[in-house]
Amino acid sequence: MAVGVFDSGIGGLSVLQHLMQQSPDEYFVYVADSQHAPYGNKSEQFIQQRCLEICRFLIEQQVSVIVVACNTATAAAVKTIREHVTIPVVAIEPALKPASLKTKTGKVGVLATASTLQSQQYNSLVSRYAVNISCYEQAAHGLVELIEAGRLDDPQTEALLRQYLQPMLQQGVDSVVLGCTHYPFVLDTIQKITGPEVSIIDTGSAVAGQLKRVLSEQNQQHLTAPMNALKQHLFYSSGDIQHAREMIGLLMGQAFEVTALSV
Ligand code: DGL
């Protein structure tokens, strides 16, 4: 059976890489809603509506589980999605818990979209896991747009990251949580700015572990693959297809066909 994965754009590919590594026998259907990226400055209602449309599309493709590879979509819409779909939904949230266990200075930086940081879901994470630590949050306005445009190794991207990271570094953070799935694609620049002694914490691998658990439960329930089970990975984008093809090829290190998303 196939696994559906979606994000506001190409950011979720950073999660997909972990999913493919940890579940190498699965086929994935990836949706990049790049026409509507960034979700981070859209209303909760808009994000919920887009997420439901994309989930319906993925279910039509006969996926047995959906991975929400977007922190912003999780924060705004995971409850609504779970109310509307009957298959399991694996979601992603900023890694405050691992960061709280790892930090030695008790100071953790969190880089995410404004919408994620303002969400009830994020505040509930802080009250559960950041009891004995201090979090220094920074909304990284404009960063998703630069990454979507493919400007990964770019002076403007580096300058923006410097502007966002320096204040938290001055506060003495020794760990930085990447609370948006686009950001691992500029990890090298982030680490260059923070220096090697600061831990950069990403959630992709933990999400892949969670997907493996869900798939193994489904296998135990003998949910066998239907006759028309997928035999290849599929990529859909609501944005410019040629650009999506180039970015997916670049970020995945392999060429894939990309189809225009019809929803
Ligand atoms: N990849 C999304 C996330 O994890 C990007 C958010 C956006 O589109 O603003 O939050």
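One-based numbering, in listed order, for ligands and for the atoms of each.
Side-chain contact between Leu125 and Pro94 is present, with at least one heavy-atom pair separated by less than 4.5 Å. A 4.5 Å side-chain heavy-atom check between Leu234 and Phe28 finds every atom pair outside the cut-off. Val198 has its side chain out of reach of Ile190: every pair of non-hydrogen atoms, C-beta onward, lies at least 4.5 Å apart.
Residue Ala37 places every heavy atom at 4.0 Å or more from ligand 1.
Contact atoms of ligand 1 toward Asp7: 1 (N), 2 (C) (distance under 4.0 Å to a heavy atom of the residue). Close approach of ligand 1 to Cys180 is summarised as follows: ligand atoms under 4.0 Å from at least one heavy atom of the residue are 1 (N), 2 (C), 3 (C), 4 (O), 5 (C), 10 (O). Applying the 4.0 Å criterion to heavy atoms of Pro38 picks out, from ligand 1, the atoms 7 (C), 8 (O), 9 (O).
In this structure, atom 7 (C) of ligand 1 lies nearest to the protein heavy atom Tyr39 N, 3.2 Å. The protein non-hydrogen atom at the shortest distance from atom 9 (O) of ligand 1 is Gly40 N, 2.7 Å.
Proximity annotation for atom 4 (O) of ligand 1: of Leu13, Asn71, Thr72, Asn71 comes nearest, heavy atoms only.
Atom OG of Ser8 is separated from atom NE2 of His36 by 11.0 Å, given to the nearest 0.5 angstrom.
In this model, no donor atom of one side chain and acceptor atom of the other lie less than 3.5 Å apart for Gln45 and Gln49.
Between Thr113 and ligand 1, a contact under 3.5 Å exists for no N or O pair. Polar contact check, Ala69 against ligand 1: no nitrogen or oxygen pair lies under 3.5 Å apart.
Between Leu111 and the options Val177, Leu161, Leu117, a side-chain contact (heavy atoms from CB on, under 4.5 Å) holds for only Leu161.
In this structure, the side chain of Ser175 does not engage the main chain of Val108 through any donor-acceptor pair within 3.5 Å.
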